Each structure stands twice: as C-alpha cells, then as structure tokens.
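Below, each value reflects all heavy atoms present in this structure, side chains not excepted, and no hydrogens, waters or symmetry copies. Here the structure is a predicted model, which is why all the values come from computation and not from measurement. Sequence lines set the chain letters: A, B, ... in the order given, protein chains first and strands last, and positions in each chain run from 1.
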There are 2 protein chains.
Amino acid sequence: MSSNLENAQAQMRKGVLEFCILSILSRNEVYPSDIIAEMKASRLIVVEGTLYPLLTRLKNAGLLQYRWEESKSGPPRKYYSLTVEGREFLHALQLTWNELVEAVNLTTKSETQS
Amino acid sequence: MSSNLENAQAQMRKGVLEFCILSILSRNEVYPSDIIAEMKASRLIVVEGTLYPLLTRLKNAGLLQYRWEESKSGPPRKYYSLTVEGREFLHALQLTWNELVEAVNLTTKSETQS
DNA sequence: AACACTACTTTGCAATACATAGTACTAAAT
DNA sequence: ATTTAGTACTATGTATTGCAAAGTAGTGTT
C-alpha cells in the first residue's frame, strides 16, 4: 500500500503523461525505449506497462503512426511519429497546459481578498 | 462519448485537483460550495460528486478536519480546514508541482541536441 | 402541509496507470 | 545446433478515482 503523498504526486504526473509523450514524438521519430529514457531524464517516470498501451491508444485514435525498423541488437522496433492530426492535438494540449499552470498559480498563490 | 482532446484535458486537471483544494483550504476555512465557486473562478471545474467524496477521503486520511456551522438559508454546513499534517502534505505537493512544471517545460520545450 | 432551495451522501460506471506474466525475435555461448 | 541472455512488444487483471445520477435531509416560504 502506497502513501497518500505518493498517490497524489503520481496523480499529478499522470495528468501530463500524454502531453509529454506527444511532445517528445513531435521532435524525434523514436521507439518506446527512447521515450522511457527521455522521460526518466526529466524525472517523469514511465514504465513499459503504461507506455505500450498508451501508444497503441494514441495510434488507434489517429494521432500517431509507426513504421517497423530492424535492430542489430534484438527484435524489430516500432518507430513512432505524429500524424497531422496528432500535431494539432499536441498544439491544443500545449494551450491547455499553459492555462492550467496559470489557473493553479491563481489558486495556490492568491491571497484572500474581499 | 467525449473526444480524445477533452479526455486528455480533463486528465491534466484531475492531476492538480487535490493540490488546489488543499491550497484553497490553507487560506480560508470554507465549506464545499465555496470551493466549487473558487475553482470555477480559476477555470478549474469541480462538481459535487467529485468534491464531497474527495473531502471525506482527505478527512479520513487525517489531512482535513471540519466543524458544523448553522446556516440561515438551509441545512448546516461542514466548514473544512487543514490539520497540521495537512499543511505538511500541502507543502510537499507544492514542491512536487514546482518540479513537475520544470520537468514538463524541459520535455516540451527542449530542442533535439546530439 | 406542500414546495423550493441548499447541503450532504451514496451508488454505479468508465477511464487509465501499473504490476505482472507472456510471446517472439536476435545474437552469443557452449 | 541448441541453449541462454537480452531486447521489444503484447495481454491480462487490479486499484484508483472523477463523475453522473439518484437519494436523504434540513430550513424557510407560500
């Protein structure tokens, strides 16, 4: 059983997961392990069991596409990239994120005033 | 059926829900309708069916306390406030939020570099 | 007494992150 | 050539939790 704090912190991270993954894909065509590495470098942990189904979901929604590529060190990899629709989607999420940051700052930093 | 975009946007907001509610309670002793009004003013929507169970959960976790207060215009109200433990919890969440904003900015704004 | 308004509670559902286990391909070791 | 290790992708079950919707109850007005 995990603590309340860990739960709440995880909740926060969950909210931006999709957004971050799409952002990473908007810069590079990468395969899942690359994404995990990049997110870990930014202190945003993702694990396989989360990422693979999420990528499939985004692909089925028409936001992502992939191509197979051979690998020297194992089975072939799925290299993902954004579709046109995916780019529009990402743009909308970026706006939402900016608004959210502003809203949270309002809520958490404003003083009582009558 | 709601769109993918609405889903993703809602996910983002969910992540900060607990944090914002605790923040509001750290400034004022308020009852649930006050919280709903404040969050709506900051463009963060919460509805009764979400808020009431959440407050109960936080209270059971020892982060909140409440006292009953009579109302002129209806049934008595539960006025909530943070416990000492709740304040510590909120402080930890504030740190997490700051780190998250930084991490997201890293992930979404950094350019490809080799 | 009936109705409206406000406040709080409960129930069931849907979305989804995660742990875990499983499949499959490649390369190296024996 | 078969086994073993490493990598990549897939599938399944569970727990959390936000929300819609329906229900209960107190107060004041008509």
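Of the side-chain N and O atoms in A:R77, none sit less than 4.0 angstrom from OP1 or OP2 of C:dC25. Remark: A:N7 is in phosphate contact with D:dT17, judged by side-chain N or O atoms under 4.0 Å from OP1 or OP2. Dashed line: the shortest gap from a side-chain N or O of A:R13 to OP1 or OP2 of C:dA17 is not under 4.0 Å. When the side-chain nitrogen and oxygen atoms of B:Y52 are compared with OP1 and OP2 of C:dC8, one or more of them lie within a distance under 4.0 Å. When the side-chain nitrogen and oxygen atoms of B:Y31 are compared with OP1 and OP2 of C:dA7, one or more of them lie within a distance under 4.0 Å. For A:S73, no side-chain nitrogen or oxygen approaches OP1 or OP2 of D:dT7 to under 4.0 Å. The side chain of B:K14 places no N or O atom within less than 4.0 Å of a non-bridging phosphate oxygen (OP1 or OP2) of C:dA15. In this structure, A:Q11 does not reach the C:dT16 phosphate: none of its side-chain N or O atoms is under 4.0 Å from OP1 or OP2.
Outside the 6.0 Å centre-distance limit, the rings of A:Y79 and A:Y66 are not counted as a close aromatic pair.
Within the 4.0 angstrom heavy-atom criterion, base atoms lie near B:E48. Contacts of A:P53 with the nucleic acid, taken as non-hydrogen atoms under 4.0 Å apart, are absent. At a threshold of 4.0 angstrom between heavy atoms, the contacts of B:S33 are confined to the sugar-phosphate backbone, with no base atom among them.
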